[in-house]
Amino acid sequence: MPAGSESAIVLSSGGLDSTTCLAIAEHENYRPLYSLSFAYGQRHRHELEAAKRVAEAFGVAEHRVIRIDLRQFGHSALTDDIAVPKDRDESKMAAEIPVTYVPARNTIFLSYALAWAEVLGVRDVFIGVNALDYSGYPDCRPEFVAAFETMANVATKMTVSPGARPFKVHAPLIHLTKAQIIRRGSELGVDYGLTHSCYDPDAQGRACGRCDSCVLRKKGFAEAGVPAPTRYVTGKGG
């Protein structure tokens, strides 16, 4: 927690984790807050619409959407013509790096955040990565976060100038289960009805209820004992 009021950038996907991160940054008295999202060629627009709703609800100083085209590389179910896996249990999810992994995505996102941070004079960036629910994602591990932070502190004018304060990547959810994340967000007053997690929603933005992200979200709300505000294609909430 900053001694005084320090500004921060929060990477926002419009999902459950990044929205909880935004609430934590606000609770820890980071002001002003900036949110950064990406239109990177993902399967649908609904998560960006959710990120906009979240930014408005939190009253961030500025919400930016960066447009990059990771479909040029593809090789992911989120950026290529590859089917999203459905109806898998957690053992299958963790058995290998999932096809929903987008090559180097968090490295790219954090690099943009670092560039914006240097322009704004911000030294703190929050990212909602989680190593427990997605152990197969290499860019959601503590080692990755620490390595990026080390690189950032030797890569910019703001960090190598005399007397500069170090750049910090905050990953407050990295060792939490989905249920613990939901409980923490609920304590902070997060409206999870604003968020979107599904990889393969219908045209109206209703969740499929069957992809890995939906399965983990449903399990998290159930274990947390918190009513889930998710809309599903079946017409049932949960």
Flag side-chain contact, heavy atom, 4.5 Å: Asp17 against Ile181: yes
Residue pairs involving residues 192-201 (criterion salt bridge (charged side-chain N to carboxylate O under 4.0 Å, His left out); sequence neighbours excluded): Arg43-Asp200, Lys86-Asp200
Ser161: partners by side-chain hydrogen bond (donor to acceptor under 3.5 Å, both in side chains), with sequence neighbours left out: none
Pairs where residues 151-171 contributes a residue and the test ring-ring contact (aromatic ring centres under 6.0 Å, His included) is met, not counting sequence neighbours: Tyr30-His170, Phe126-His170
pair Ile127-Leu110: side-chain heavy atoms closer than 4.5 Å: yes
Sequence-distant partners of Asp80, side-chain hydrogen bond (donor to acceptor under 3.5 Å, both in side chains), two or more places apart: none
Heavy-atom pair with the smallest gap, counting every atom of Ser13 and Ser18: N-OG, 3.1 Å
Pairs satisfying salt bridge (charged side-chain N to carboxylate O under 4.0 Å, His left out), at least one member in residues 111-123, at least two apart: none
Verdict with reasoning, Leu33 to Glu26, per side chain to side chain contact (heavy atoms under 4.5 Å, CB included): CA-CA 7 Å; Leu33 287 172; Glu26 181 182 63; 3.8 Å; yes
Within one Ile-Leu-Val-Met-Phe-Trp-Tyr cluster: Val190 and Leu16, side-chain cutoff 4.5 Å: yes
Pair Thr100, Tyr137: side-chain N/O donor-acceptor within cut-off below 3.5 Å: yes
Residue pairs, two or more places apart or on separate chains, that pass ring-ring contact (aromatic ring centres under 6.0 Å, His included) and touch residues 60-100: none
For Val102 against Ser76, the heavy-atom pair lying closest together: CG2-OG, 3.4 Å
Qualifying salt bridge (charged side-chain N to carboxylate O under 4.0 Å, His left out) pairs, either residue in residues 64-76, two or more places apart: Glu62-Arg64
Non-neighbouring partners of His175 that pass ring pair (Phe, Tyr, Trp, His ring centres under 6.0 Å), sequence neighbours left out: none
N-O pairing of Arg88 and Asp212 below 4.0 Å: yes
Which residues share a ring pair (Phe, Tyr, Trp, His ring centres under 6.0 Å) with Tyr40, sequence neighbours left out: Phe109
Check: Cys198 main-chain N/O paired with His44 side-chain donor or acceptor under 3.5 Å: yes
Validation row: Cys140, Asn130 side chains within 4.5 angstrom (heavy atoms): no
Atom of Phe58, atom of Ala23 and distance for their closest heavy-atom approach: CE2-CA, 3.6 Å
Partner residues of Tyr34 under the ring pair (Phe, Tyr, Trp, His ring centres under 6.0 Å) criterion, sequence neighbours left out: Trp116
Selection residues 89-99 - residue pairs positive for side chain to side chain donor-acceptor pair (under 3.5 Å), sequence neighbours left out: Asp89-Ser91, Glu90-Lys219
Derivation of the side chain to side chain contact (heavy atoms under 4.5 Å, CB included) call for Glu49 and His46: CA-CA 5 Å; Glu49 292 173 352; His46 302 295; 3.7 Å; yes
Stepwise side chain to side chain contact (heavy atoms under 4.5 Å, CB included) check, Asp139 with Val129: CA-CA 8 Å; Asp139 55 358; Val129 291; over 6 Å; no
Heavy-atom check, side chain of Pro85 versus side chain of Cys211, under 4.5 Å: no
Name of the residue among Val54, Ile9, Leu22, Leu36 meeting side chain to side chain contact (heavy atoms under 4.5 Å, CB included) with Val60: Leu22
Any side-chain heavy-atom pair of Ile108 and Ser111 under 4.5 Å: no
Atom of Ile97, atom of Pro138 and distance for their closest heavy-atom approach: CD1-CD, 4.1 Å
Donor-acceptor contact present, side-chain Arg53 to main-chain Leu48, <3.5 Å: no
Min side-chain heavy-atom separation Lys178-Arg217 under 4.5 Å: no
Residue pairs fulfilling salt bridge (charged side-chain N to carboxylate O under 4.0 Å, His left out) with at least one residue in residues 150-176, sequence neighbours excluded: Glu6-Arg165, Asp124-Arg165, Glu149-Lys168
Glu187/Arg184 ion pair, N-O < 4.0 Å: yes
Donor-acceptor pair between Tyr192 and Ser186 side chains, under 3.5 angstrom: no
